[in-house]
Participant: 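Could you have a look at this structure, given as structure tokens, before my questions?
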Amino acid sequence: MAPAQRCPLCRQTFFCGRGHVYSRKHQRQLKEALERLLPQVEAARKAIRAAQVERYVPEHERCCWCLCCGCEVREHLSHGNLTVLYGGLLEHLASPEHKKATNKFWWENKAEVQMKEKFLVTPQDYVRFKKSMVKGLDSYEEKEDEVIKEMAAQIREVEQSRQEVVRSVLEPQAVPDPEEGSSAPRSWKGMNSQVASSSQQPSNLDLPPAPELDWMEIGPSLTFIGHQDIPGVGNIHSGATPPWLIQDEYIGGNQEIGPSYEKFLKEKEKQKLKKLPPDRVGANFDHSSRTSAGWLPSFGRVWNNGRRWQSRHQFKTEAAAMKKQSHTEKS
Amino acid sequence: MSFLLPKLTSKKEVDQAIKSTAEKVLVLRFGRDEDPVCLQLDDILSKTSSAISKMAAIYLVDVDQTPVYTQYFDISYIPSTVFFFNGQHMKVDYGSPDHTKFVGSFKTKQDFIDLIEVIYRGAMRGKLIVQSPIDPKNIPKYDLLYQDI
């Protein structure tokens, strides 16, 4: 038998020596692996003609596994904000090391020779790709500029409409004042003629300040509870001591925090009690309970008939009987 | 001898002693201070009281001053020693007819200490009746008076 060899494609050890490569299993594995790799390469090939440039997205960090070289290759080339799709893969496919590795792979695994060409990228192709990449970058920049301009125009429009709304609200207020009334339309017309940029500041200065407050209070109004401003005592902003740290006037004796010494000793006793066996006699006996004068402890009497707890009862009845007897004797 | 041990003179005091002794064997000697056997017993009790102070608390009760308990505990011979633990009465089988109390005096201090230890251990294990470790030869003999005869 031949020495043990590991086939990385099948991920198995075999003992057939050179014969393994021709086996059905190996060829099947080979076919599947190439099928997996082919779509990626095809997509990269398409990109040679028309390179696409896109805004950078974290997904562009993805790597592709090159079967022939046995290494991970970055699929897309990214620089700053932009990414060239399939740039990395193409770069790798065009490199001479990859060519050598592909040749070796084909020879060792006895794959179909025609397929080999598909997985290689000639240097000329790579140059073509670079040119199209440059073009792509330029067109991308143009597109971006256009988009920015569009957005700016939109913003201007929105601002305009807002100004109009404000003016329409102020018109009824400005009418009672005849002087303002005559000059105001003129200034507003002036405003209308000015488009975009400088519309903001002059309009704000023209309008009286009171309506601004009215406009701000539209909606549910809050209850005002008064200025919390006492001259002597400071507040949080001035850095005064917080109320919970101020000592009360009446300090009852000592200011000890926590349990007193007696309580502490009691706690110690309780801890000791916990350690005693729980099923000892009288574990649940309440030592501090107040009992009446006629209380009798639980005592198993000598001449009682029945259970221990009945002995007390029996004693009481006997005592009553004896009393009666003595009474009857007396009388 | 008897002046070294605490005395209880009324039912209330006895109740108090029973209720307040916690996690220790309560030894109540019922008898009279002048009685000779009582004196013997008291001697042994007082000499051992400090040694077993962590396990037991000993009190002397005069039978004439607490008639209720004298009847309730059925004390016909003195001295009689009754044992309690956490308010529960502990019975001991000495080999004598009456298990509810120890009648008479002990022969040696060691007998008494052994008895206390056995009672304590039994109580900790939840037993209400225990076997006495004292040699039956040393247990005083008496005849139990039958009731109503």
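The chains referred to below are lettered A, B, ... by the order of the sequence lines, with proteins before strands, and numbering in each begins at 1.
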Participant: Working to the nearest 0.5 Å, report the span between CD of A:Gln314 and OH of B:Tyr72.
Facilitator: 10.0 Å

Participant: Could you report the tightest heavy-atom contact between A:Val281 and B:Lys127, atom names first, then the distance?
Facilitator: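 In this case the closest contact between A:Val281 and B:Lys127 is CG2-O, 3.2 Å.
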
Participant: With ring pair (Phe, Tyr, Trp, His ring centres under 6.0 Å) as the rule and sequence neighbours excluded, what pairs involving residues 6-59 of chain B come up?
Facilitator: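 Of all non-adjacent pairs touching residues 6-59 of chain B, those that pass ring pair (Phe, Tyr, Trp, His ring centres under 6.0 Å) are B:Phe30-B:Phe73.
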
Participant: Does A:His287, at its NE2 atom, have more than 12 non-hydrogen atoms belonging to other residues, nucleotides or ligands within less than 6.0 Å?
Facilitator: yes

Participant: Hey, could you give me the OG/CG distance between A:Ser298 and B:Leu128, rounded to the nearest 0.5 Å?
Facilitator: 7.5 Å

Participant: Residue by residue, which of residues 80-88 of chain B have a heavy atom closer than 4.5 Å to a heavy atom belonging to chain A?
Facilitator: B:Val82, B:Phe84, B:Phe85, B:Asn86, B:Gly87, B:Gln88

Participant: Do any pairs count as a salt bridge (Lys or Arg N to Asp or Glu O under 4.0 Å) and have a residue in residues 78-100 of chain B, sequence neighbours left out, and if so which ones?
Facilitator: B:Asp98-B:Lys101

Participant: Give, for atom CD1 of B:Ile18 and atom CH2 of A:Trp295, the distance between the pair rounded to the nearest 0.5 Å.
Facilitator: 5.0 Å

Participant: If you take all heavy atoms of B:Thr100 and A:Gly300, which pair is closest and at what distance?
Facilitator: CG2-O, 2.8 Å

Participant: Can you confirm whether more than 12 heavy atoms, excluding those of B:Asp64, are under 6.0 Å from its CG atom?
Facilitator: yes

Participant: List in chain and number order the residues that pass side chain to side chain donor-acceptor pair (under 3.5 Å) with B:Lys19, two or more places apart in sequence or in another chain; answer none if no residue qualifies.
Facilitator: A:Thr291

Participant: Enter the distance from A:Trp303:CH2 to B:Leu144:CG here, rounded to the nearest 0.5 Å.
Facilitator: 4.5 Å

Participant: Tell me, side chain or backbone of A:Arg308 under 4.5 Å from chain B's heavy atoms, or both, or neither?
Facilitator: side chain

Participant: Would you say CG of A:Leu245 has more than 12 non-hydrogen atoms from neighbouring residues, nucleotides or ligands within 6.0 angstrom?
Facilitator: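 Enclosed: over 12 neighbouring heavy atoms sit under 6.0 Å from CG of A:Leu245.
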
Participant: Going from CZ on A:Arg301 to NE2 on B:His89, what distance comes out if it is rounded to the nearest 0.5 angstrom?
Facilitator: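 Result: 12.0 Å between the selected atoms.
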
Participant: Counting only heavy atoms not in A:Arg11 (residues, nucleotides, ligands), do more than 12 fall under 6.0 Å from its CZ?
Facilitator: no

Participant: At a heavy-atom separation under 4.5 Å, does A:Ala319 approach chain B through its side chain, its backbone, both, or neither?
Facilitator: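 For A:Ala319, neither part sits under 4.5 Å from chain B.
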
Participant: Pick one of side chain, backbone, both or neither for A:Phe299, based on which atoms fall under 4.5 Å of a heavy atom in chain B.
Facilitator: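 Both parts, backbone and side chain.
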
